[in-house]
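Each remark here refers to the structure printed beneath this line.
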Amino acid sequence: MCAGLTTFNALRNSGAQPGDLVAVLGLGGLGHLGVQFAVKMGYRTVGIARGKDKEPLATSSARGATSTARHRIPRRNF
């Protein structure tokens with residue numbers, strides 16, 4: 001329940017209105033909840049994850065994100 005409240009409150013306090021575009025970065029434990037809440041709150045929702053294997057967590061009919069995107073963290077030599 002705590003994880004759900006954390007994600008829900010972030011969306012609720014974001015200032016976004018129904019119809020606005022919302023991006024959820026990371027589709028793991030909290031991210032898939034964020035996608036579900038955002039869709040139910042009326043936002044156009046994009047799920048962002050590092051791998052294509054996470055795509056079903058955002059786009060399944062139960063979750064309903066409008067699209068997904070993959071991001072990559074560049075390697076740096078220090």
Side-chain angles (χ1 to χ4, degrees):
M1 183 160 147
C2 185
L5 286 175
T6 300
T7 331
F8 177 78
N9 279 327
L11 288 166
R12 185 177 62 128
N13 294 315
S14 70
Q17 300 295 317
D20 287 351
L21 180 64
V22 172
V24 176
L25 177 60
L27 296 175
L30 296 177
H32 81 280
L33 291 174
V35 168
Q36 291 177 70
F37 290 141
V39 168
K40 296 295 182 188
M41 295 168 88
Y43 305 137
R44 292 182 305 129
T45 307
V46 175
I48 303 172
R50 281 188 286 171
K52 195 159 181 71
D53 59 317
K54 299 282 186 172
E55 189 173 341
L57 290 174
T59 58
S60 72
S61 60
R63 293 183 180 89
T66 45
S67 62
T68 59
R70 285 186 279 166
H71 73 88
R72 188 179 70 119
I73 300 171
R75 292 181 186 240
R76 297 184 185 215
N77 296 323
F78 291 102

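This structure is a prediction, so every number in the text was calculated from the model and none was measured.
A ring-ring contact (aromatic ring centres under 6.0 Å, His included) check over residues 4-27, counting only residues at least two apart or in different chains, returns the pairs Phe8-Phe37.
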Identify every side-chain donor-acceptor pair in residues 14-25 under 3.5 Å, counting partners at least two apart or on other chains, and give the distances.
from  : atom 1 : to    : atom 2 : distance (Å)
Ser14 : OG     : Leu11 : O      : 2.8
Ser14 : OG     : Ala16 : N      : 3.2
Asp20 : OD2    : Gln17 : N      : 2.7

Trace of the side-chain contact (heavy atoms from CB on, under 4.5 Å) decision for Leu33 with Gln36: CA-CA 5 Å; Leu33 291 174; Gln36 291 177 70; 4.3 Å; yes

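Residue Thr45 holds its OG1 atom at 11.0 Å from NZ of Lys40, rounded to the nearest 0.5 Å.
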